[in-house]
Participant: 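What follows is a single structure, and I will ask about it in a moment.
Lettering follows sequence order; numbering is per chain, from 1. Quick caveat, the model's predicted, so the values are computed rather than measured.
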Amino acid sequence: AQRVTQVQPTGSSQWGEEVTLDCSYETSEYFYRIFWYRQLFSGEMVFLIYQPSFDTQNQRSGRYSVVFQKSFKSISLVISASQPEDSGTYFCALSEPLAQGLTFGLGTRVSVFP
Amino acid sequence: NSKVIQTPRYLVKGQGQKAKMRCIPEKGHPVVFWYQQNKNNEFKFLINFQNQEVLQQIDMTEKRFSAECPSNSPCSLEIQSSEAGDSALYLCASSRDWGVATGQLYFGEGSKLTVL
């Protein structure tokens with residue numbers, strides 16, 4: 001069973017629209033982090049933003065922000081004013097203490113059209 | 001642009017052949033991870049190192065996989081006898097820390113292995 005679930009396999013947007021990508025996860029840890037990455041067509045994974053579990057404030061970084069619902073173990077990535085260069089596959093990933101790095105979801109492929 | 005350098009970008013091997021991939025982590029990052037990403041976007045953790053020491057590894061697929069991170073040399077991942085199911089993108093990532101919670105991973109562009 002997937003411990004990090006991204007239910008939207010694909011998504012599309014028009015230039016300038018807001019895009020919301022959903023992620024849910026399973027963990028019994030008190031302290032953990034959720035990361036969002038975008039994978040470029042080249043294969044490179046680009047870090048976007050992360051949310052630590054202990055911080056109740058939703059994180060923001062440029063056009064990226066998250067909506068963190070800790071009690072529901074869900075987190076959404078919000079991309080404001082989407083642009084064609086935002087196209088790619090977005091991965092949600094869980095980091096737990098002493099784990100084998102990050103546990104990834106299966107990604108959401110986003111296309112932003114001009 | 002990625003500061004984790006992976007070579008080669010593409011490998012094509014026949015079944016039973018060796019496949020070797022290299023990774024230079026970002027400067028100052030003592031922790032290195034190898035992941036296998038298949039065509040279904042499933043990420044499989046393979047092994048991680050802190051400096052030259054193995055921290056964790058999976059049962060390396062019937063011992064066909066081996067990896068090392070020697071000092072002053074690139075890290076490497078080698079498949080001794082490639083199988084069709086090994087066809088995947090192999091991603092190397094480095095990090096400043098590991099333990100309490102893995103920090104941000106910095107990824108390379110990956111080495112795409114095709115086993116014919």
Side-chain angles (χ1 to χ4, degrees), chain A residues 1-11 21 23 25 27-55 59 61 64 85 88-110, chain B residues 1-11 21 23 25-26 29 31-50 54-60 88-114:
Chain A
Q2 283 287 322
R3 294 185 57 230
V4 178
T5 303
Q6 295 179 254
V7 294
Q8 308 144 301
T10 60
L21 306 176
C23 172
Y25 56 91
T27 183
S28 56
E29 298 288 346
Y30 175 77
F31 179 68
Y32 58 89
R33 299 171 181 170
I34 303 292
F35 290 81
W36 284 94
Y37 286 84
R38 180 174 78 242
Q39 187 168 38
L40 308 180
F41 294 117
S42 68
E44 184 183 354
M45 299 281 284
V46 177
F47 166 76
L48 301 175
I49 194 169
Y50 87 96
Q51 177 75 44
S53 60
F54 58 81
D55 193 340
Q59 300 301 297
S61 177
Y64 304 106
E85 50 265 41
T89 303
Y90 287 75
F91 289 94
C92 173
L94 168 67
S95 168
E96 299 169 291
L98 300 176
Q100 294 171 339
L102 303 181
T103 303
F104 290 87
L106 296 181
T108 298
R109 185 164 184 171
V110 172
Chain B
N1 284 340
S2 174
K3 294 179 184 174
V4 175
I5 307 300
Q6 286 191 251
T7 56
R9 291 291 318 280
Y10 302 94
L11 302 92
M21 293 154 263
C23 170
E26 186 151 344
H29 285 190
V31 186
V32 173
F33 295 81
W34 284 98
Y35 287 92
Q36 178 195 65
Q37 182 186 15
N38 68 19
K39 63 179 181 179
N40 297 320
N41 278 341
E42 294 166 319
F43 282 78
K44 180 180 181 180
F45 166 85
L46 297 175
I47 192 167
N48 59 355
F49 293 85
Q50 183 155 339
V54 175
L55 288 171
Q56 300 162 313
Q57 62 180 337
I58 61 165
D59 179 15
M60 297 287 265
L89 181 68
Y90 290 82
L91 288 163
C92 175
S94 68
S95 176
R96 293 187 188 94
D97 49 35
W98 176 85
V100 175
T102 300
Q104 178 185 338
L105 296 187
Y106 294 76
F107 285 85
E109 290 185 310
S111 294
K112 186 170 183 179
L113 172 65
T114 302

Participant: If you define the side chain from C-beta out and look only at heavy atoms, does anything of B/Asn41 sit under 4.5 Å from A/Thr89?
Facilitator: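 Yes. Closest side-chain heavy atoms under 4.5 Å.
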
Participant: Using non-hydrogen atoms only, which part of B/Gln6 is less than 4.5 Å away from chain A: side chain, backbone, both, or neither?
Facilitator: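 Contact with chain A is absent: no heavy atom of B/Gln6 under 4.5 Å.
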
Participant: Below 4.5 Å, heavy atoms only, C-beta onward: do B/Leu105 and A/Phe47 meet side chain to side chain?
Facilitator: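 Counting from C-beta outward, B/Leu105 and A/Phe47 never come under 4.5 Å.
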
Participant: Measure the CG-CZ distance between A/Leu40 and B/Phe107 for me, rounded to the nearest 0.5 Å.
Facilitator: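 Answer rounded to 0.5 Å: 12.0 Å.
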
Participant: Crowded around B/Arg96 CZ? As in, over 12 foreign heavy atoms under 6.0 Å?
Facilitator: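 No, CZ of B/Arg96 has 12 or fewer neighbouring heavy atoms, counting only those of other groups under 6.0 Å.
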
Participant: At a 4.5 Å cut-off on heavy atoms, which part of B/Leu91 comes close to chain A: side chain, backbone, both, or neither?
Facilitator: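 Contact with chain A is through the side chain of B/Leu91 alone.
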
Participant: For B/Glu109 and A/Met45, what are the C-alpha separation, side-chain angles and deciding distance, and is it a side-chain contact (heavy atoms from CB on, under 4.5 Å)?
Facilitator: CA-CA 7 Å; B/Glu109 290 185 310; A/Met45 299 281 284; over 6 Å; no

Participant: Among B/Phe45, B/Tyr35, B/Phe33, whose side chain to side chain contact (heavy atoms under 4.5 Å, CB included) with A/Leu102 holds?
Facilitator: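 So the option named by the test is B/Tyr35.
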
Participant: Let me know if A/Glu29 has heavy atoms under 4.5 Å from chain B in its side chain, its backbone, both or neither.
Facilitator: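 Contact with chain B: none, neither part.
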
Participant: Is there a side-chain contact between A/Arg33 and B/Gln104 in this structure, where contact means two heavy atoms from C-beta onward sitting under 4.5 Å apart?
Facilitator: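 A/Arg33 vs B/Gln104: side chains apart.
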
Participant: Which of parallel (below 30°), tilted (30 to 60°) and perpendicular (above 60°) describes B/Phe43 and A/Phe104?
Facilitator: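 Ring orientation, 0 to 90° scale: parallel.
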
